[in-house]
Amino acid sequence: MSDQQTPETQTTGLAKAYQPSEIETPLYQHWESQGYFAPQGDGEPFSIMIPPPNVTGYLHMGHGFQESIMDALIRYNRMLGKKTLWQVGTDHAGIATQMVVERLLEAEGTNRHELGREKFIDRVWDWKEHSGGQITQQLRRLGASPDWSRERFTMDDGFYKAVQEVFIKLYEDKLIYRGKRLVNWDPKLKTAVSDLEVLSEEENGFLWHLRYPVTDENGKVLQHLTVATTRPETMLGDTAVAVNPNDERYQDIIGKTITLPLVGREIPIIADDYVDQEFGTGCVKITPAHDFNDYEMGQRHKLPMINILDDDANINDNAPEKYRGMDRFEARKQVVADFEAAGLLEKIDDHKLKVPRGDRSGVVIEPYLTDQWYVKTQPLADEAIKAVEGGDIQFVPKQYENMYFSWMRDIQDWCISRQLWWGHRIPAWYDEQGNVYVGRSEEEIRERENIDASVTLTQDEDVLDTWFSSGLWTFGTLGWPEQTEFLKTFHPSSVLVTGFDIIFFWVARMIMLTLHFKKEVPFHTVYVHGLVRDSQGQKMSKSKGNVLDPIDLIDGVDLDTLLDKRTSGMMQPQMQKKITKQTKKEFPDGIESYGTDALRFTYYSLASTGRDINFDVGRIEGFRNFCNKIWNAANYVLMNCEGQDCGQDNSTDYELSKADRWIISLLQQTEAAVKEGIETYRFDLATQALYNFIWQEYCSWYLELCKPALNSDDYTDAQKRGTRRTLVRVLETVLRLAHPFMPFITEEIWQKVKGLAAVEGDTIMYATYPQADNSKIDQNAIDDIEWLKVVITTIRNIRGEMNISQAKALPVYFQSTNADNQAKLESNQAFLTKLANLDTITWLQTGEEAPLSATGLAADMDVFVPMAGLIDLDAELARLNKEIDKLEKEVARINGKLNNEKFVGKAPADVVQKEKDKLSDYQAALAKLVDQREKIANL
RNA sequence: GGGUGGUUAGCUCAGUUGGGAGAGCGACGGCCUUACAAGCCGUAGGUCACAGGUUCGACCCCUGUACCACCCACCA
């Protein structure tokens, strides 16, 4: 208010304008340098283990969402005084990382085989050191507050020790074994992958009908059987044809043989229940080495297994010479052509089928016979099921438990070996006879097994599935197998925040492995969040060109850069065109800078019950404006309170006004709502409560209600002190309340406000979290101010509808049979005059007439705004008609209800009474408005 | 084939003990009113997917249908 507040002399206030870029990074650096993120104090432990992002990764919207949720939980619990650890780290992500580095090598015109294993791995480490930290830097931009001093990597030394111990122990417990079986083979990456890494999508294909000759002992063709197949090339490895034992068509040929075309092998015709008589011809070719079902059948019937593929999925030497070395799809064409030439191709039908593809490589996965290591999962799964059934682990939302159970109850053994170079080498050695020794090192094994130097031992070439090591994340990061203080303090962790897409990959396996090794759960709660999609609900993907980068939303990005990011490295140029057009349309001027707090608040506001969230840039803009609102409000509060007596010294007298008591009451309710929201993982409800309190109640109403006391000499010093005190304390409290969600702006303002509110502390991060105090709720103040709001809104409505300038101070008349209204009017006169901009307030006694006026109803009080020179008759008539219509509808509806004998007879008495009261209120209001309409119409 | 979630205002979404349908954004009208035009004031807009049922009363509970999304399994 005073001249002292000009920018030149303003030394303690906030910068004039809200500029997130100017506050966020400096604050973060300060927090980190002060060590604020490390666990402190002796409170109850609270811990979250971050789902370690892929070290090759960059931050995407899903991370942004997930990390924001974790950070809110961490900051909230930290402010509750708990000893809080957010464990951070990254995952070595075997396949993904190896692919990235291989692509680099390819660009250099070389490959990993030329380099050799050791040099290749050095190269990966090298690359990890230089580029791997990107995501952790981006995490800092989000305001995430993990303990960086404890950052871990799933391939660091300590972690390797944990992995080794787990492998060895499971092997000793007979829960890890090695076996030759059919696995999902990725011929591009040339490694086995687990069931989970295979994605089956429906694709258009064909069903080839091949005629197989049934022959007698002399090779004479007796008849032909037709088999249908979607993979004709596998016939080269057929070792039987199967029919259903009950199929009447084929009774006489069961036990006979077929001379396999192109190959010449004699194979039996067998009977098996698995065959569906209705499908195709009811005859199935059986290829035990290249199909999971056929494999089973092969086991049952002791059929030979003929593997016809090599590692690249080319045809190998077990097939006739003609096909050797052919690519599998080339061989398919050739086989079909040869069948046709031999007159053995009956027909080709179009056929939709599910094609299994590798989730990383995208190529068709082949069932392939190899030696692999497996975890026997059944015993581990039994315990893991019990932990959830018994409530030791709870999923939020609960329905994910069903998904978990159904997978766990039908779990298959887990293939954990990968034919890659980047990863944890399997701690197993072989001698020349192929005997297996599992141990910590070659030396240990030689000593244990008494193997002298004359025997050569070679370590298994394979590495472990990445998820094997991430499965140890909750305890491996805390130093296990050492019994560290951190392990004792922070395990089990409190809550796991994750996406549903890795419940099986990660969550389920963590539960199994942790229960087995720690004999306790890895976490008590699993909060499962949805996927972040674009505003249309489309999945964000490079190929769709709809990817948003959280950092771009924080910093802003110009159109050219955005276009470049979205279209670089596109496979198809026509897509590039489309994406350019679509991007230009959506962001003609690029993306503005919104700041981290706005981005985070947007995430929370969209985070309801675990469903996917559609991210609309319009929303973030709204919340950036919200930040700005807070900033400006704080500026206003400082302007009025700095250098003034804010009544914080309890020895000075201060007097709270009704408005003060009202806003304090609402603050308690808001505190309760926010707490409830956080504790039930309803961040949308928590942030909505905050948004509404700050913008509507505090800014729009309370700051206005304060103005009379602050600016007028009609108030005592005690009253002014009370108002300033409330102004500052509510602001300071709400900053703490909002801090877990918007860490930067709250800290920045809090530093300026804490002194005025007589609060101590170096950082808001360790200020105490506000707790609702019901004794501070003053119901009379609430009733009074809510009444006042209705009166003000009624007058504003007339003003707005009648187009009366806001600047025009109005004379207003009030009348009511309820005398309470007169008292309220008098006690709220100053508020009313200010907020509705009134010239005079006149109370009419019963029988007194107001001048010709526009009429409004504020509950049971009539409000009259004289029309003279201000209001158009027709406009007022129209307005009245609108109101009357509304009321008539309500009256009719309630009348219908009350005339229904069943309702009156059966509904609870209080419900009926409520309806009756409403009816009489509405009828009275209606009568007044109709009366008024008459009056005006008759002029 | 089995299962889960969803369908509410133009858009994105809230709405838990069944008792007068809400928010934000957008739209429209009016305002540079001394914190804030990234703002202020006001207004309009919805047979709560559809069909039955339970109930005095259903967005809410039950049954079924349609459409959307996802998970699991899979017939060659």
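If you're wondering where the values come from, they're calculated on a predicted model, not measured in any experiment.
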Per-nucleotide protein contact string for nucleotides 2-12 of chain B, where B marks a base within reach and S marks sugar-phosphate only (heavy atoms under 4.0 Å, - for neither):
--SSS-----B

Starting the side chain at C-beta, find the nucleotide from [options] nearest to [X].
X: A:Ser200; options: B:A23, B:C74, B:G19; answer: B:C74
X: A:Tyr636; options: B:A76, B:A35, B:G19; answer: B:A35
X: A:Phe500; options: B:C70, B:A23, B:A35; answer: B:C70
X: A:Asn628; options: B:A38, B:G42, B:C71; answer: B:A38

To the nearest Å, how far apart are A:Lys897 NZ and B:U55 P?
18 Å

Return the value, rounded to whole Å, for the distance between atom CG of A:Asn692 and atom P of B:G22.
14 Å

Reckon [X] has a side-chain N or O less than 4.0 Å from the OP1 or OP2 of [N]?
X: A:His351; N: B:A76; value: yes
X: A:Arg682; N: B:G15; value: yes
X: A:Lys539; N: B:C70; value: no
X: A:Asn797; N: B:U43; value: yes
X: A:Asn635; N: B:C36; value: no
X: A:Trp695; N: B:A38; value: no
X: A:Lys902; N: B:C56; value: no
X: A:Lys707; N: B:A35; value: yes

Determine, for A:Arg624 against A:Glu592, whether the closest basic-nitrogen to carboxylate-oxygen distance falls under 4.0 angstrom.
yes

Under 6.0 Å between the ring centres of A:Phe395 and A:Tyr400?
no

If you draw the axis of the six-membered ring of A:Tyr603, does the NZ or CZ of A:Arg600 fall within 45° of it and under 6.0 Å from the ring centre?
no

A:Arg724 and side chain to side chain contact (heavy atoms under 4.5 Å, CB included): which single residue from A:Leu756, A:Asn640, A:Leu710 fits?
A:Leu710

My validator wants the stems of RNA chain B: runs of 3 or more consecutive Watson-Crick or G-U pairs, both distances under 3.5 Å, written as range with range.
B:1-7 with B:66-72, B:10-13 with B:22-25, B:27-31 with B:39-43, B:49-53 with B:61-65

Assign A:Tyr691 to base, sugar-phosphate, or nothing according to its heavy-atom contacts below 4.0 angstrom with the strands shown.
sugar-phosphate

